[in-house]
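All values below were derived from every heavy atom in this structure, side-chain atoms included, with hydrogens, water molecules and symmetry-related copies excluded. This is a predicted model, so every value here is computed, not measured.
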Amino acid sequence: MTLRVGLFVNKEKRGAHELLVELLEYFKKHGVSFLLEESTARLVGREGLSLSRLSQEVDLILAAGGDGTIIRIAHEIFPSQVPILGVNTGSLGFLTAVGREEILPELPKILTGRFRKSPRMVLKAVGSAYGKDFEIPCSLNDIVLFRGAYSHMTMIDVFAQGKLVTEYQADGVVVSTPTGSTAYALSTGGPIVVPESKVFTLNPICPHTLTNRSLVFAEEVVLRFSIPLGGRPVRLEYDGVAYGDLHPGDWIQIEARSERVVLGFLKERDFFEILRKKLRWSGTAVEE
């Protein structure tokens, strides 16, 4: 049985229109049932559906772009369990399954469901800023508290399950999912975490003490961050999206959600192969 496909192409990427035309020609030739996301449909003069609606109508979302494209789709369709399989038209591409030149040869396998489904942890956050409650329902990579454009060091009190962890004096902190461990968290010196692991990490950014290291928490742990009185404003971002500032007395609570975002990958391509290729990661300094 051939899967019904939802197609999203990031129009900002070079060659997006050409790739879309190639895919549509393939679908027409092979009788593949498909629907188009609305901005994608406009590239070829058709009508399409919102990502949220699309996820309710298809068995697979085929997304052409980079990691940012995958993250955007995850935000829009969550908590849908429809797999998102990415075609990399960007640069690094940890979340994309195939390269631009690979997609047509691999489509017969993909469209018959012969790909690996990888459920990924998602973070959620609730908090209070300026006396108003807020919520971040879905963060696939990370939630970041940092000094932003301010020149001062941040002061952030951190609690785990209601118990004080420490007061961080640093440029900020990164709370990262396993998926996000190869993103911003990696540049802070955090560990690389295998994607389906049921843990998340807390990583200080440029801490003002040499003994400060990353912490790894089980997924059931709830973290609470507060800005102490006398502290300075702290910028809040999630998955690279600016959310606003927290001020002294404000707080945010972060935890893992029970629902997952499902990504699709080729069965023969594993996480460690991606590490070796994308980051030139190796256990030895000697080239073979």
Checklist entry - Under a 4.0 Å N-O cut-off, is there an ion pair linking Glu76 with Arg72? => result no
Checklist entry - In terms of hydrophobic clustering (I, L, V, M, F, W, Y; side-chain heavy atoms under 4.5 Å; direct or indirect links), are Val158 and Leu145 co-clustered? => result yes
Item to check | Common cluster, Leu202/Leu186, ILVMFWY with side-chain heavy-atom separation under 4.5 Å | outcome: no
Checklist entry - Quick one: do Ile192 and Val194 end up in the same hydrophobic cluster if we chain Ile, Leu, Val, Met, Phe, Trp and Tyr together by side-chain heavy atoms under 4.5 Å apart? => result yes
Checklist entry - How long is the span from the CD atom in Glu37 to the CD1 atom in Ile77, to the nearest 0.5 Å? => result 12.0 Å
Next on the checklist: A quick test of your reading: do over 12 heavy atoms of other residues, nucleotides or ligands sit less than 6.0 Å from CZ of Arg269?
Outcome noted: yes
Checklist entry - Would Phe115 and Leu60 satisfy side-chain contact (heavy atoms from CB on, under 4.5 Å), going step by step from the backbone distance to the final call? => result CA-CA 11 Å; Phe115 61 88; Leu60 169 70; 3.9 Å; yes
Item to check | Side chains of Arg224 and Ser226, donor plus acceptor under 3.5 Å | outcome: no
Checklist entry - Given Tyr238 and Ile254, is the side-chain contact (heavy atoms from CB on, under 4.5 Å) satisfied, shown in steps? => result CA-CA 11 Å; Tyr238 69 100; Ile254 300 173; over 6 Å; no
Checklist entry - When rounded to the nearest 0.5 angstrom, what distance separates CZ in Phe94 from CG in Asp67? => result 8.0 Å
Next on the checklist: Restricting to ring-ring contact (aromatic ring centres under 6.0 Å, His included), what partner residues turn up for Phe134, sequence neighbours left out?
Outcome noted: Tyr243
Checklist entry - Are Val222 and Ile143 grouped together when hydrophobic residues (ILVMFWY) are joined by side-chain heavy atoms under 4.5 angstrom apart? => result no
Item to check | Neighbour count >12 (heavy atoms, 6.0 Å) for atom CD, Glu135 | outcome: yes
Item to check | Glu219 with Arg260: basic N within carboxylate O range, under 4.0 Å | outcome: yes
Checklist entry - If you group Ile, Leu, Val, Met, Phe, Trp and Tyr by side-chain heavy-atom gaps below 4.5 Å, do Phe78 and Val126 land in one group? => result no
Item to check | Residue His208 excluded, over 12 heavy atoms near NE2 under 6.0 Å | outcome: no
Item to check | Heavy-atom closest pair, residues Val9 and Thr40 | outcome: N-OG1, 2.9 Å
Checklist entry - For Ser181 and Ser176, which heavy atoms make the closest approach, and how far apart are they? => result N-OG, 3.2 Å
Item to check | Side-chain cluster (under 4.5 Å, hydrophobic types only) that Val199 belongs to, other residues | outcome: Val193, Val216
Checklist entry - Taking 4.0 angstrom as the limit, do Arg100 and Glu22 come out as a salt bridge? => result yes
Item to check | Candidate pair Thr182 and Leu275, rule side-chain contact (heavy atoms from CB on, under 4.5 Å), full reasoning | outcome: CA-CA 9 Å; Thr182 52; Leu275 274 184; 4.1 Å; yes
Next on the checklist: Suppose we screen for ring-ring contact (aromatic ring centres under 6.0 Å, His included). Which residues come up paired with Tyr168, at least two apart in sequence or across chains?
Outcome noted: none
Checklist outcome for this item: Those residues at least two apart in sequence (or on a different chain) that pass salt bridge (charged side-chain N to carboxylate O under 4.0 Å, His left out) with Lys109 are Glu106, Glu268
Checklist entry - About how many Å separate CG of Asp171 and CD of Gln169, when rounded to the nearest 0.5 Å? => result 12.0 Å
Checklist entry - Which pairs count as side-chain hydrogen bond (donor to acceptor under 3.5 Å, both in side chains) when at least one residue sits in residues 23-33, sequence neighbours excluded? => result Arg4-Ser33
Next on the checklist: Assess the residue pair Val5 and Leu23 against the criterion (side-chain contact (heavy atoms from CB on, under 4.5 Å)); give the C-alpha distance rounded to whole Å, side-chain angles, the decisive distance to 0.1 Å, and a yes or no.
Outcome noted: CA-CA 11 Å; Val5 178; Leu23 291 171; over 6 Å; no
Next on the checklist: Does Ser52 form a side chain to side chain donor-acceptor pair (under 3.5 Å) with Ser50? I'd like the steps, not just the answer.
Outcome noted: CA-CA 5 Å; Ser52 179; Ser50 68; 5.1 Å; no
Next on the checklist: Using a 4.5 Å cut-off between side-chain heavy atoms of Ile, Leu, Val, Met, Phe, Trp and Tyr, which other residues end up in the same hydrophobic cluster as Ile205?
Outcome noted: Val144, Phe146, Val174, Tyr184
Checklist entry - Does atom CZ of Arg147 have more than 12 heavy-atom neighbours from other groups under 6.0 Å away? => result yes
Checklist entry - If we ignore angles and hydrogens, is there a donor and acceptor under 3.5 Å between the side chains of Glu196 and Ser118? => result yes
